[in-house]
Amino acid sequence: MGLKIYNVLGREKQEFVPLEPGRVGMYVCGPTVQDYAHLGHAKTYIAFDVIVRYLRYSGYDVLYVQNITDVGHLLDSGEDRILKKAAALQARPMQIVEHYTRSYFEDMDALGVVRPDISPRASGHIPEQIRMIQTLIDKGHAYVANGSVYFDVTTDPEYGKLSNRKIEAQTAGSREAVRDEKRNPEDFALWKKAEPEHILRWDSPWGEGFPGWHIECSAMAKKYLGATFDIHGGGVDNIFPHNESEIAQSECANEAPFARYWILTGSLTVDGIKMSKSLGNFITIKDALKQHRPEVIRMFVYSAHYSNPVDFTDEALMAAAGGWERLYGAVRLARQMKASAPDGDAGNGILPRLEQAKADFKAAMDDDFNTPKAVAALQELTRDVNTLLNSGSPVGRATLDTIEQTYQQLAGDVLGLIPAQDTASSNGQREAGLVELLISLRAEARRKKDFATSDRIRDELKALGVILEDRPDGTVWRVS
RNA sequence: GGCGACGUAGCCAAGUGGUAAGGCAGAGCUCUGCAAAAGCUCCAUGCGCCGGUUCAAAUCCGGGCGUCGCCUCCA
């Protein structure tokens with residue numbers, strides 16, 4: 001049983017067969033760097049992070065490209081999003097771009113999102129975009145009007161195949177204020193003439209201007225992945241016009257199929273309304289990370305299938321936190337027990353159970369990256385692991401190693417839910433020493449039945465964020 | 001209006017024909033000096049509604065209801 005992917009292009013679950021055996025070329029639409037990233041971005045990019053991690057776990061050699069949009073993304077008003085921000089902050093446009101680009105990578109790093117192999121910027125690929133536009137003009141798919149270039153959607157009979165939109169149906173046209181320099185209302189800009197006040201501008205065969213929003217993805221995907229590649233991802237909110245336009249431009253210019261599998265993620269909503277920059281109902285990743293650990297945010301993202309919309313609530317976050325604590329608690333316990341574990345493989349009856357969990361996990365992930373089901377497999381495993389670790393019977397170091405490795409591979413390498421080591425402060429060693437000292441003092445008090453003292457130590461450590469748990473073989477501690 | 005999703009327990013959510021995974025919350029129990037953690041037990045005769053197909057439907061078909069997304073910037 002191999003990997004199956006729900007292909008939005010064609011709307012059906014299909015067996016995944018890469019263009020080249022063992023290799024995957026993947027492009028995901030990246031952010032417009034005009035503001036801080038919010039939890040909606042976190043949902044999307046964590047979802048694709050897991051997809052990439054799982055493909056790699058499955059043995060594929062993945063080339064992952066995700067663009068940075070730093071030019072050409074216009075507002076309703078016709079203003080460039082970057083320029084508007086620059087004016088508001090009295091900064092240079094590329095300063096804005098740099099600031100938010102760095103911030104974006106900081107946020108993704110903090111969330112444990114593995115960086116794309118290539119993060120091309122639109123502004124760094126103007127020649128490639130101009131070349132592709134020229135090709136479209138030469139082939140009769142685009143036309144110049146008053147210094148701008150538009151794609152003529154009527155020249156592409158397949159236009160609308162991704163989003164199921166028919167040009168005729170659209171035309172009835174709500175918008176009267178269409179630029180009359182367009183031949184058809186649905187035609188979209190490949191190149192826009194720069195008005196005098198527009199700072200971001202480049203020379204082109206059609207005069208000074210700047211590229212349209214959609215062409216960057218087509219040009220950069222072609223440059224780094226070729227005319228035809230395996231997977232194209234993004235948020236479903238960009239299916240039209242952005243993704244649809246990408247396909248039209250690329251296939252008309254390259255005369256070859258564009259992406260073979262389209263994976264689109266559902267939006268994040270707040271009280272049922274989409275979290276978005278324009279609505280202002282967003283929580284930045286930086287703010288969210290002040291309240292929750294990155295693993296908990298990832299766990300929250302995994303609670304629903306990537307293609308579903310997910311509603312953000314504190315309750316849902318708390319549930320994710322509880323679920324994560326349970327999973328990680330088993331790993332932490334296994335690690336703690338290794339310190340005093342006997343050599344050998346006592347308790348190896350758990351090994352077949354670990355293999356079973358791996359198989360269940362794989363089956364879930366192979367089924368269109370079904371993370372809720374994959375997490376459920378880990379939760380069920382955790383029940384059995386906890387039973388063993390708390391049984392009181394000895395568990396050998398080799399067995400504990402295998403348990404830890406299993407979690408490390410599935411929950412760690414693929415899902416990014418397992419921290420490399422326990423949270424420790426910057427003075428980790430000193431802190432550990434102090435806590436161990438208090439634990440031994442408390443053990444002495446307990447031996448003397450001086451429970452007032454022992455409870456005081458436990459309570460006051462708890463107030464400092466150090467949790468003590470008494471186990472048959474001694475007291476273990478952790479940072480809350 | 002067009003296109004596309006979705007509606008499963010208090011909350012989140014998996015489940016595309018065979019008799020409702022998993023997590024959170026809640027209740028009881030075991031363990032504990034007491035806790036904590038962990039485990040055990042309980043928690044949807046029912047999957048928004050009405051019809052239909054079938055031996056059998058949350059799952060297929062039809063019809064209405066509701067929510068959301070896109071159609072204009074957003075992952």
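Numbers restart at 1 for each chain; the letters A, B, ... are given by sequence-line order, proteins then strands.
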Report yes if the side chains of [X] and [Y] come closer than 4.5 Å at any heavy-atom pair, otherwise no.
{"X": "A/Arg332", "Y": "A/Glu325", "result": "yes"}
{"X": "A/Leu389", "Y": "A/Leu400", "result": "yes"}
{"X": "A/Phe282", "Y": "A/Leu268", "result": "no"}

Hey, do the aromatic rings of A/Tyr104 and A/Tyr36 have their centres closer than 6.0 Å?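 They do not qualify: ring centres at least 6.0 Å apart.
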Consider the side chain of [X], meaning its heavy atoms from C-beta on, and name the nucleotide among [options] that approaches it most closely.
{"X": "A/Ile273", "options": "B/C68, B/C71, B/G15", "value": "B/C68"}
{"X": "A/Glu315", "options": "B/C11, B/G33, B/G23", "value": "B/C11"}
{"X": "A/Ala376", "options": "B/A75, B/A5, B/A21", "value": "B/A21"}
{"X": "A/Asn164", "options": "B/A75, B/C3, B/A37", "value": "B/C3"}
{"X": "A/Ser454", "options": "B/G15, B/G33, B/G22", "value": "B/G33"}

What contact category does [X] fall into here, base, sugar-phosphate, or nothing, at under 4.0 angstrom with non-hydrogen atoms?
{"X": "A/Glu469", "result": "base"}
{"X": "A/Arg326", "result": "sugar-phosphate"}
{"X": "A/Arg456", "result": "nothing"}
{"X": "A/Leu268", "result": "base"}
{"X": "A/His305", "result": "sugar-phosphate"}
{"X": "A/Gly329", "result": "nothing"}

Any strand: nucleotide that pairs with [N] via Watson-Crick or wobble, under 3.5 Å:
{"N": "B/U19", "answer": "none"}
{"N": "B/C3", "answer": "B/G69"}
{"N": "B/C47", "answer": "none"}
{"N": "B/U59", "answer": "none"}

Please tell me if [X] has a side-chain N or O lying less than 4.0 Å from either OP1 or OP2 of [N].
{"X": "A/Thr32", "N": "B/A75", "answer": "yes"}
{"X": "A/Arg383", "N": "B/C40", "answer": "yes"}
{"X": "A/Lys274", "N": "B/C70", "answer": "yes"}

Stacking check: are the rings of A/Tyr45 and B/A75 less than 5.5 Å apart at their centres and under 30 degrees in tilt?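 Stacking is absent between B/A75 and A/Tyr45, given that the ring centres and planes do not meet under 5.5 Å and under 30°.
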Quiz question: by atom type and distance under 3.5 Å, do the side chains of A/Gln356 and A/Asp360 form a donor-acceptor pair?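 Judged by distance alone, the side chains do pair up.
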With nearest nucleotide decided by heavy atoms, which residue, A/Ala316 or A/Asp384, maps closer to the 5′ end of RNA chain B?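 Mapping each residue to its closest nucleotide by heavy atoms, the 5'-most match is A/Ala316.
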Toward the 5' end of RNA chain B, by each residue's nearest nucleotide, A/Asp455 or A/Ile239: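 So the residue in question is A/Asp455.
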Considering the options A/Tyr64, A/Tyr224, A/Phe258, A/Trp262, which one meets the ring-ring contact (aromatic ring centres under 6.0 Å, His included) requirement together with A/Phe229?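 Result: among A/Tyr64, A/Tyr224, A/Phe258, A/Trp262, A/Phe258 is the only option passing the ring-ring contact (aromatic ring centres under 6.0 Å, His included) with A/Phe229.
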Is a donor-acceptor pair below 3.5 Å formed from side chain A/Asp470 to base B/C34, judging by atom type as modelled?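 Per atom types, the contact qualifies.
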Record whether the side chain of A/Arg458 comes under 3.5 Å of the base of B/C34 through a donor-acceptor pair of N or O atoms.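 Such a pair exists between side chain and base.
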